[in-house]
Amino acid sequence: MKRRIFRICDYLLVAVSLLLFTTRLVQAMDASQLSGSYRVVQKTDLGPQTQVRLQLHLNNLGQRDLHVQRLTLWDLPHADKGATAACSVVVPAGASADTTQEFTIPRSEYKLWKRGARPRLVLQVEAPASRGTMKVVHLDRISGGKVN
């Protein structure tokens with residue numbers, strides 16, 4: 001009888017593990033199906049920092065709409081308040097969305113962009129029945145998007 005109970009517990013443990021693994025795999029696939037590009041619309045020097053207005057184009061090849069609540073430029077040495085923007089953008093499943101956001105970043109980071117570095121954007125996305133999830137997108141520069 002004890003063996004039978006342990007066997008049932010083992011099967012349940014395997015089933016729960018597979019369920020958790022599948023859920024993580026689906027979330028990872030959704031994240032890999034997200035891409036984006038940017039264009040600097042306006043740049044203002046503020047001493048050691050630079051304020052940039054970015055036109056963002058986000059592509060969602062996933063099967064769920066993404067409700068973006070916050071954007072953060074993450075490659076910065078210290079992602080402070082200036083590198084984060086609250087927003088309300090919906091990127092429909094299988095479609096794209098455009099938004100324009102302002103960020104204040106270190107001038108040294110902006111110089112790296114001019115040399116071809118790709119900014120990394122972290123999106124805080126509203127998720128059903130949870131506090132939200134994070135999606136990471138490496139942004140490509142839009143052709144013709146001049147970085148002064």
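- Residues A93 and D65 share a closest heavy-atom pair of N-OD1, 2.8 Å.
- In this structure, F103 and T84 approach most closely via the heavy-atom pair CD2-N, 4.1 Å.
- A distance-only check finds a donor-acceptor pair linking the side chain of R107 to the backbone of G47 [under 3.5 Å].
- Side chain of N60 to main chain of R64: a donor-acceptor pair is present (N/O by atom type, distance under 3.5 Å, no hydrogens or angles).
- Looking only at side-chain heavy atoms (C-beta outward), L112 and K114 stay at 4.5 Å or farther from each other.
- Under the 4.5 Å side-chain criterion, counting only non-hydrogen atoms from C-beta, V52 is not in contact with Q42.
- Taking CD of Q101 as the start and CZ of R53 as the end, the distance is 10.0 Å to the nearest 0.5 Å.
- The structure places CG of L123 at 6.0 Å from CG of L58, a figure rounded to the nearest 0.5 Å.
- Among V89, V90, V91, the one residue that satisfies the side chain to side chain contact (heavy atoms under 4.5 Å, CB included) test with H67 is V90.
- Contact of the L139 side chain with the S37 side chain is not registered, since no non-hydrogen atoms from C-beta on lie closer than 4.5 Å.
- Going from atom CZ of R39 over to atom OG1 of T100 covers 8.0 Å, rounded to the nearest 0.5 Å.
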Stepwise side-chain contact (heavy atoms from CB on, under 4.5 Å) check, Q69 with V125: CA-CA 6 Å; Q69 298 173 325; V125 179; over 6 Å; no
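- Scanning both residues, P92 and S96, for their nearest heavy atoms gives CD-O, 4.1 Å.
- Side-chain contact check for Q124 versus V68: every heavy-atom pair is 4.5 Å or farther apart.
- Contact detail for K135 and L66: the closest heavy-atom pair is CE-CD2, 4.2 Å.
- Side chain of R118 to backbone of H138: a donor-acceptor contact under 3.5 angstrom is found.
- In plain terms, the two heavy atoms of V137 and G36 that are nearest each other are CG1-N, 3.4 Å.
- To the nearest 0.5 Å, the span separating CG on L54 from CD1 on I105 amounts to 7.5 Å.
- Using a distance-only test at 3.5 Å, with no hydrogens or angles considered, no donor-acceptor pair links the side chain of N59 to the main chain of L34.
- Across all non-hydrogen atoms, the minimal contact from E102 to A85 is O-CB, 4.2 Å.
- With contacts defined as side-chain heavy-atom distances shorter than 4.5 Å, the pair Y38/L121 does not qualify.
- Rounded to the nearest 0.5 angstrom, Q49 CD and S108 OG are separated by 9.5 Å.
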